[in-house]
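Heads up, the thing below is written out as C-alpha cells.
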Number of protein chains: 2
Amino acid sequence: MATRSSVKTFPLPFTTVDVVIFTVLDDVLRVLLVQRPNAEGEPFPGAWALPGGYVDTAVDATLEDCARRKLLEKTGVGSPYLEQLGSWGGAARDPRGWSATHVYFALIPAQGVVLAKGANAADVAWYAVADVLRAPELAFDHAAILRTAVERLRSKVEYTSLPAFLLAEPFSLPQLQRMYEIVLGRPVDKSGFRTRMLSANFLEEAGVAEGDSYRPAKGYRLIDRSAPVVFPRTFSPRAGDSNT
Amino acid sequence: MATRSSVKTFPLPFTTVDVVIFTVLDDVLRVLLVQRPNAEGEPFPGAWALPGGYVDTAVDATLEDCARRKLLEKTGVGSPYLEQLGSWGGAARDPRGWSATHVYFALIPAQGVVLAKGANAADVAWYAVADVLRAPELAFDHAAILRTAVERLRSKVEYTSLPAFLLAEPFSLPQLQRMYEIVLGRPVDKSGFRTRMLSANFLEEAGVAEGDSYRPAKGYRLIDRSAPVVFPRTFSPRAGDSNT
DNA sequence: ACAATAGTGTCTCTTAGACACTATGCG
DNA sequence: CGCATAGTGTCTAAGAGACACTATTGT
C-alpha cells in the first residue's frame, strides 16, 4: 500500500464472488452448479461451475452482500446459512487475467428452492457432491474450491449444529440425525445424538414435524438462526486417528 | 460471471493483501504493525496498520505468494506458518474506493526477525496485542481484522499444535507450554500437557533446548513444519459454557 | 546440600459410546 | 393388534484434570 498508493496505473486483478450452495435432496448431499455460457470469448464454455461472478461495485456494499445477492438470484432463498470459505487468487486460474475470487458457502433446505433457469446462466442444477468429486470437470479451479468446501462442511459437522440449516422448520430429531449421517457418511448413535442435541440448548419445541413415519415425532426449531452452536466435543473420538 | 463477462467496462475493486503477523516477545503476544505514510492523498496518514498492500500482478503468482512476499519484506522471515484468515471487502472500508483485502495470518519466532525500517513504510514495530485491542486506533478496518485473527488464534490453540510455530527449534516442552499459556491467557496443567503433546506424535527429540533453567530440558523439533497437528479434544472442557 | 526446575505417577470423576429397553401412533 | 419408528435407561471404559510425587542439574 505504501509503494504505489495514490498513482494507480498498474493493472488491477478481477474481483469475483462464488458461492458453494449445499443442500440435501433425496437423501444425498448436493451442490448447486450452473452451466457456463457458450458465447465466444467465454472461458470454459458449456462447463459446469459454481454460481458466482464479478462484484458489482454499484450494487454490492460488501462481499457478503454480493454473495447473498447471487444466492438469491439463483435459488430464491433469502435467508441461508452463509459463511466465508476463503479466497483463491492468482494469475493462472482465469484465462482472462489475474483474478481473485471470494468464496462463500451456504446451507439451505431443499424445499422452497426455486431454481432460476434460462436467462443468461443457461442452466442450473443440483449435483450429488460425491459424483462431482469423483469426476471433477468443473470450470476454473472450482473443483479444488468444492473439495475445500466439503472438507470444511464435514469437519464442522463433527462439532457444530450446522446440519440444522439443511432442514425446514419444524424438524424432528430423527430427521436432524439423518442430516448428520448423510453429511458425515456414517451412522450416528441415536441416544447419544439426542442427549447431545437437547443438552446444547439451541432447539425449542415447535409442534410436530412433517414425515411419513408411523409414530409422529416432536417438532423443533432453532432458537437462534443466526449462527450454529459449537459442541464441546467431536462425534465419536473413539475412532481417533492421530493424524489431521 | 455470466452477465458481463467479456466486456469489462465497469469499475474494478482494488485488491490488496494484508498479513497479521504474530509472535511472542518478552512473554507477551505481539502483532507487527506498520505506520502509514504521511504523504498527501494517503488515507489514514500516520496511523498504524497491518502490513500489506496492493497485489502486484507482475510479481505475485498467487495471493499466498503475495502474502509471503510482504512478510519477507517486513521481517526477513522466509518460512513462517501462514494460513488464510479471510477477506474483507466493501465500498466503505477505504476512502479511495471499493476495495477487497485478502488477509493471511502468520506465526513466527521472535528471534531471527530483522524488522525492515525506513524505506517507504516509515516505521515497523511489535505491539502487544492486548494494548492494541484495548485502544484500537488502527487504519481502515484493521482493528476488526486483528480481533478476528486473535479469536481464530486463541480458538485454534485450544486444539492444535500452533504455538510450536512461535518457537525456534529446538525448544523444550516447558517452553512450549509457556507459549500455550501466553496465548490462552491462563495456566495449563503440566502433566496433562506433556502427555498430550507427546502422544500426539508430532515432535521429535533434538538435543537440548536453550534456556537459563537450573535443569536443562530435552529439546524437540517439529516432525512436519508444514502444518499443525489437530488434537482430538480441546483443553479444559471442564469449564465448558454452552454458548458460542 | 539446596534450590529450582524437569519430568512422572496416581486418583477421581465426567462423559461418550454401545446397546437394550420402553412408548406410541398408524395401518 | 402388531409393527415400525420415537424416545429412554443403563453399563462400561477411556481420558482429562488435579495434584502429589521423584529426578536432575546448577550454584
Side-chain angles (χ1 to χ4, degrees), chain A residues 27 157-161 167 170-182 184 186-201 203-221 229-242, chain B residues 27 157-161 167 170-182 184 186-201 203-221 229-242:
Chain A
D27 279 354
V157 164
E158 294 279 359
Y159 60 93
T160 68
S161 64
L167 288 169
F171 52 82
S172 70
L173 286 183
Q175 284 168 344
L176 183 55
Q177 185 181 343
R178 189 81 152 250
M179 291 298 116
Y180 275 88
E181 293 176 332
I182 289 170
L184 292 176
R186 70 176 137 87
V188 166
D189 180 79
K190 189 176 30 165
S191 173
F193 180 80
R194 301 183 131 257
T195 338
R196 192 167 172 154
M197 293 303 135
L198 293 175
S199 66
N201 249 70
L203 296 173
E204 61 186 3
E205 300 193 15
V208 176
E210 291 288 311
D212 45 353
S213 151
Y214 281 75
R215 173 177 169 186
K218 255 187 199 161
Y220 292 90
R221 165 181 32 197
V229 166
V230 177
F231 304 127
R233 299 174 128 82
T234 196
F235 276 101
S236 59
R238 228 18 90 76
D241 311 38
S242 47
Chain B
D27 279 355
V157 164
E158 294 279 0
Y159 61 93
T160 69
S161 64
L167 288 169
F171 53 81
S172 70
L173 286 184
Q175 284 168 345
L176 183 55
Q177 185 181 344
R178 189 83 150 249
M179 290 299 116
Y180 275 88
E181 293 176 333
I182 289 169
L184 292 176
R186 70 176 138 87
V188 166
D189 180 80
K190 189 175 30 165
S191 174
F193 180 79
R194 302 183 130 255
T195 333
R196 190 165 174 159
M197 293 302 136
L198 293 175
S199 66
N201 249 69
L203 296 173
E204 61 186 1
E205 299 192 15
V208 176
E210 291 286 313
D212 46 352
S213 152
Y214 280 76
R215 174 177 169 184
K218 255 189 198 157
Y220 292 91
R221 164 180 35 193
V229 166
V230 177
F231 304 126
R233 297 177 130 81
T234 196
F235 278 101
S236 59
R238 220 32 80 78
D241 311 39
S242 48

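All heavy atoms count here, side chains included; hydrogens, waters and symmetry mates do not. Throughout, a chain's letter reflects where its sequence line sits, starting with A, and its residues are numbered from 1.
- Counting only heavy atoms from C-beta outward, the side chains of A:Tyr220 and A:Glu204 never approach each other to under 4.5 Å.
- When the P atom of C:dA23 is taken as reference, atom CG of A:Leu173 falls 20 Å away, rounded to whole Å.
- Regarding B:Arg178, its CZ atom lies at a distance of 11 Å from the C1' atom of C:dT5, rounded to whole Å.
- Residue A:Arg194 places no side-chain N or O under 4.0 Å from the OP1 or OP2 atom of D:dA6.
- Evaluation of the side-chain contact (heavy atoms from CB on, under 4.5 Å) rule for B:Glu210 yields no partner, not counting sequence neighbours.
- One can place CG of A:Leu198 at 14 Å from P of D:dA6, the figure rounded to the nearest angstrom.
- Minimum heavy-atom separation, B:Gln177 to B:Val188: NE2-O, 2.8 Å.
- For the pair B:Asp189 and B:Gln175, nearest-nucleotide mapping onto DNA chain C gives the more 5' position to B:Gln175.
- Between the CG atom of A:Leu203 and the C1' atom of D:dG7 there is a distance of 15 Å, rounded to whole Å.
- With sequence neighbours excluded, no residue satisfies salt bridge (Lys or Arg N to Asp or Glu O under 4.0 Å) with B:Glu181.
- Taking B:Arg215 as the reference, nothing meets the salt bridge (Lys or Arg N to Asp or Glu O under 4.0 Å) condition, with sequence neighbours excluded.
- In this structure, the CE atom of B:Met197 is 13 Å from the C1' atom of D:dA16, given to the nearest Å.
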Pairwise N/O distances under 3.5 Å, protein to nucleotides 20-24 of chain D:
from   : atom 1 : to       : atom 2 : distance (Å)
D:dA23 : N3     : B:Arg215 : NH1    : 2.5
D:dT24 : O4'    : B:Arg215 : NE     : 3.4
D:dT24 : O4'    : B:Arg215 : NH1    : 3.4

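- Put simply, CZ on B:Phe231 is 22 Å from P on D:dA14, counting in whole angstrom units.
- Protein atom CD of B:Gln177 is 11 Å distant from nucleotide atom P of C:dG7, rounded to whole Å.
- The nearest whole Å value for the distance from the OH atom in A:Tyr180 to the P atom in C:dG17 is 13 Å.
- Residues that satisfy the salt bridge (Lys or Arg N to Asp or Glu O under 4.0 Å) test with A:Arg178, not counting sequence neighbours, are A:Asp27.
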